[in-house]
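Encoded as structure tokens, the structure appears first; notes follow it.
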Amino acid sequence: MKRTLALAVCVAMGGSVALADMLAPADVTYGDYGAVEQSLTGTPGDPENGAQVFLARKLGNCLACHANSDMADQPFHGEVGPPLDGIGSYRTEAELRGMIINSKKTFQGTIMPAFYVADDFTRNQDKFEGETILTAQQVEDVVAYLMTLTD
């Protein structure tokens with residue numbers, strides 16, 4: 001009853017809920033070269049929200065390392081990572097999902113953070129121990145946004 005009521009309230013307020021479909025960070029399965037075929041949420045990503053996560057300094061902050069012509073109006077594009085122009089044309093959703101979840105599975109030695117890993121690394125503050133940088137849905141949203149970046 002409580003779950004039904006909570007779901008009804010959330011839907012009435014225009015939100016969405018991912019109850020049983022969310023894949024925990026420890027349950028992610030990586031394929032060849034770090035690709036992750038399975039959606040983390042079972043819910044399609046929202047490219048508009050993904051763009052906001054991409055920009056948010058306390059979330060993705062992707063623009064700090066990657067140039068992206070789609071966001072030419074934003075200052076301070078990074079040059080540490082590769083430019084992301086056209087990435088949706090030459091990378092699959094599974095490849096992008098894997099790189100965002102834990103890029104070290106694809107590129108050993110990269111300095112790109114693992115955005116959906118909760119264990120097996122040191123956090124700079126105790127309050128972040130056991131936490132991921134992005135939620136499962138935020139990962140799916142960023143993947144959806146990156147897939148819009150085509151030539």
Side-chain angles (χ1 to χ4, degrees), residues 10 13-151:
C10 187
M13 295 178 68
S16 64
V17 174
L19 297 173
D21 292 339
M22 185 157 12
L23 190 64
D27 295 334
V28 172
T29 302
Y30 298 91
D32 294 339
Y33 307 106
V36 176
E37 295 288 338
Q38 184 178 2
S39 169
L40 299 179
T41 63
T43 302
D46 175 354
E48 289 181 23
N49 189 54
Q52 294 306 309
V53 172
F54 186 97
L55 282 172
R57 291 183 182 211
K58 291 188 177 185
L59 293 175
N61 199 21
C62 307
L63 203 59
C65 293
H66 297 278
N68 178 0
S69 295
D70 185 55
M71 297 184 172
D73 60 327
Q74 299 294 319
F76 309 116
H77 290 236
E79 297 177 355
V80 174
L84 297 179
D85 294 345
I87 197 164
S89 297
Y90 61 88
R91 292 287 186 184
T92 66
E93 283 186 32
E95 290 170 329
L96 292 173
R97 185 179 295 111
M99 286 180 222
I100 295 166
I101 292 170
N102 186 356
S103 60
K104 286 144 185 69
K105 299 282 187 181
T106 304
F107 306 109
Q108 285 187 328
T110 184
I111 63 170
M112 183 170 162
F115 287 98
Y116 194 67
V117 173
D119 299 314
D120 296 330
F121 62 95
T122 304
R123 292 294 204 160
N124 60 356
Q125 293 183 358
D126 289 342
K127 68 181 182 179
F128 296 121
E129 285 295 326
E131 300 292 326
T132 62
I133 297 171
L134 298 179
T135 66
Q137 190 60 53
Q138 288 169 331
V139 170
E140 295 301 325
D141 292 347
V142 172
V143 170
Y145 167 67
L146 293 175
M147 290 303 295
T148 70
L149 302 180
T150 58
D151 292 331

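It should be emphasised that the depicted structure is a prediction, and the values quoted were computed from it without experimental measurement. These values consider heavy atoms only, across backbone and side chains, with no hydrogens, waters or symmetry-generated copies.
At least one donor-acceptor pair closer than 3.5 Å links the side chain of K104 to the backbone N or O of M112. Side-chain N or O atoms of H77 include none that pairs as donor or acceptor with a backbone N or O of P83 at under 3.5 Å. Of the possible donor and acceptor atoms, none in the side chain of R97 sits under 3.5 Å from a partner among the backbone N and O of A35. Without hydrogens or angle criteria, E140 side chain to L40 main chain gives a donor-acceptor distance under 3.5 Å.
Taking A24 as the reference, D27 meet the side-chain contact (heavy atoms from CB on, under 4.5 Å) condition, with sequence neighbours excluded.
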Ignoring hydrogens and angles, write down the donor-acceptor pairs under 3.5 Å from the side chains of residues 141-151, residues two or more places apart or on other chains.
{"from": "D141", "atom 1": "OD1", "to": "D46", "atom 2": "N", "distance (Å)": "2.8"}
{"from": "D141", "atom 1": "OD1", "to": "Q137", "atom 2": "NE2", "distance (Å)": "3.0"}
{"from": "D141", "atom 1": "OD2", "to": "N49", "atom 2": "ND2", "distance (Å)": "2.5"}
{"from": "Y145", "atom 1": "OH", "to": "N68", "atom 2": "ND2", "distance (Å)": "2.9"}
{"from": "Y145", "atom 1": "OH", "to": "D70", "atom 2": "OD2", "distance (Å)": "2.6"}
{"from": "T148", "atom 1": "OG1", "to": "Y145", "atom 2": "O", "distance (Å)": "2.5"}

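With values rounded to the nearest 0.5 angstrom, H66 atom NE2 is found 7.0 Å from F54 atom CZ. Distance CD1/I101 to CD1/I133: 12.5 Å, rounded to 0.5 Å. For the atom pair CG of D32 and CD of E37, the computed distance is 9.5 Å after rounding to the nearest 0.5 Å. Here the straight-line distance linking atom OG1 of T135 with atom CE of M22 works out to 7.0 Å at 0.5 Å rounding. Remark: L134 CG to Y116 OH distance equals 10.0 Å, nearest 0.5 Å. Residue L63 holds its CG atom at 9.0 Å from CZ of R57, rounded to the nearest 0.5 Å.
With a 6.0 Å radius and a threshold of 12 heavy atoms from other residues, nucleotides or ligands, E48 has its CD atom at or below the threshold.
Nearest heavy atoms, A118 versus P25: N-CB, 4.1 Å. Of all non-hydrogen atoms in P113 and S103, the two that sit nearest each other are O-OG, 4.0 Å. Contact between V36 and G98 at its shortest, heavy atoms only, is CG2-CA, 3.7 Å. Across every non-hydrogen atom of E95 and R91, the tightest pair is OE1-CA, 3.2 Å. Summarising the geometry of T106 relative to G34, their closest heavy-atom pair is OG1-CA, 3.7 Å, with the distance given to 0.1 Å.
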